[in-house]
Amino acid sequence: DTAVSQTPKYLVTQMGNDKSIKCEQNLGHDTMYWYKQDSKKFLKIMFSYNNKELIINETVPNRFSPKSPDKAHLNLHINSLELGDSAVYFCASSQMTSGAMQQFFGPGTRLTVL
Amino acid sequence: AQKVTQAQTEISVVEKEDVTLDCVYETRDTTYYLFWYKQPPSGELVFLIRRNSFDEQNEISGRYSWNFQKSTSSFNFTITASQVVDSAVYFCALSEGSGNTGKLIFGQGTTLQVKP
């Protein structure tokens, strides 16, 4: 029973293409996140949705567009891919209470832009 | 501004040695949460511990222990009698209480190599 799943696990594509990464959680959580891990392993928040509403939008190029069709899904669409977008993208979920709770992470999607 | 610093980029020890991973944080909030995550070579992120700013008690879980000191803004992690399976990248992270977004701010990570 996978708690947070992402597809695809690997994505290799050419510069200029548009691609999507999907994320689903079956934990019943109300908040989902996208993080980017660069080649130096640095992890940085990109977006977060709480009950389908965008609550975090860090300084990310507007080529990146998250979409949350329901509480259990948060997809990431990237337009006009650039070399610098190559990274591992992690989806995570948590239950928002009165304080920050443990985030459960997906296995990651390794995006390579050629 | 919030920030997490893990000054040790890489640590190499021999199996059975004890090792401490340092984490120093900055925040203006009085309510905040600190986390440690492990990223083994397989790449997934594994939750280890969560601590809120009002709970300064140290915690021990098997060979793992955590020392939270608000006076020095540190939340250090010690592995006792290290094992090869402990080899991984370890991340310390901070989440501020204000805004209640749950956003995690990660440190740069410390790569721990445990040699047999």
Side-chain angles (χ1 to χ4, degrees), chain A residues 2-6 8-10 23 25 27 29-51 53-60 66 74 87-112, chain B residues 1-6 8-10 21 23 25 27 29-55 59 61 75 87-113:
Chain A
T2 305
V4 182
S5 59
Q6 293 179 229
K9 191 164 171 58
Y10 299 97
C23 178
Q25 54 97 2
L27 298 167
H29 290 163
D30 60 4
T31 306
M32 296 183 73
Y33 309 81
W34 278 110
Y35 289 87
K36 179 181 180 180
Q37 185 172 42
D38 64 22
S39 58
K40 295 184 179 175
K41 298 279 190 180
F42 185 63
L43 276 156
K44 188 169 163 51
I45 183 81
M46 298 174 70
F47 301 103
S48 176
Y49 272 74
N50 174 259
N51 286 316
E53 285 199 29
L54 183 67
I55 59 170
I56 297 175
N57 185 350
E58 293 290 295
T59 49
V60 177
L74 179 60
V88 180
Y89 293 84
F90 285 97
C91 177
S93 75
S94 70
Q95 183 62 28
M96 197 59 69
T97 60
S98 58
M101 302 304 290
Q102 169 193 351
Q103 290 183 20
F104 292 78
F105 284 82
T109 295
R110 183 174 293 276
L111 171 64
T112 303
Chain B
Q2 62 270 33
K3 187 178 176 183
V4 176
T5 302
Q6 295 178 254
Q8 304 148 308
T9 307
E10 290 185 20
L21 310 182
C23 173
Y25 61 91
T27 178
D29 276 17
T30 53
T31 302
Y32 53 89
Y33 304 85
L34 296 164
F35 301 80
W36 276 94
Y37 281 85
K38 173 183 179 179
Q39 187 173 40
S42 50
E44 72 272 24
L45 284 158
V46 179
F47 167 80
L48 296 178
I49 190 171
R50 168 187 180 267
R51 177 67 74 197
N52 76 52
S53 52
F54 299 108
D55 183 1
E59 179 149 343
S61 176
F75 187 42
S87 298
V89 182
Y90 290 87
F91 293 96
C92 180
L94 164 72
S95 185
E96 292 184 324
S98 61
N100 199 29
T101 63
K103 164 182 162 180
L104 287 176
I105 299 148
F106 284 90
Q108 306 92 316
T110 296
T111 300
L112 174 65
Q113 185 181 33

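Predicted model only: the values in this text are computed from it and were never measured. Reminder, nothing fancy here: chain letters follow the sequence lines and each chain counts from 1.
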- Between CD1 of B/I105 and NZ of A/K44, what distance do you get to the nearest 0.5 Å? 8.5 Å
- B/L104 and A/Y35, any side-chain heavy atoms less than 4.5 Å apart: yes
- CG on B/L45 to CG on A/L43, rounded to 0.5 Å: 5.5 Å
- Looking at A/Q102, A/K40, A/R110, A/K41, which has the largest count of heavy-atom pairs under 4.5 Å with chain B? A/Q102
- Task: Answer yes or no: does atom CZ of B/F54 have more than 12 heavy-atom neighbours from other residues, nucleotides or ligands under 6.0 Å?
- Result: yes
- Item | pair A/Q37-B/F91: side-chain heavy atoms closer than 4.5 Å | yes
- Task: Could you grab the distance from atom OG of A/S94 to atom CZ of B/R50, nearest 0.5 Å is fine?
- Result: 10.0 Å
- Atom CE of A/M101 and atom OG of B/S95: how far apart are they, to the nearest 0.5 Å? 11.0 Å
- Note on the structure: d(B/K103 NZ, A/I55 CD1) to nearest 0.5 Å is 11.0 Å
- Note on the structure: Nearest heavy-atom contact between B/F106 and A/F42 is O-CE1, 3.7 Å
- If you round to the nearest 0.5 Å, how far is CZ of B/F47 from CZ of A/F104? 7.5 Å
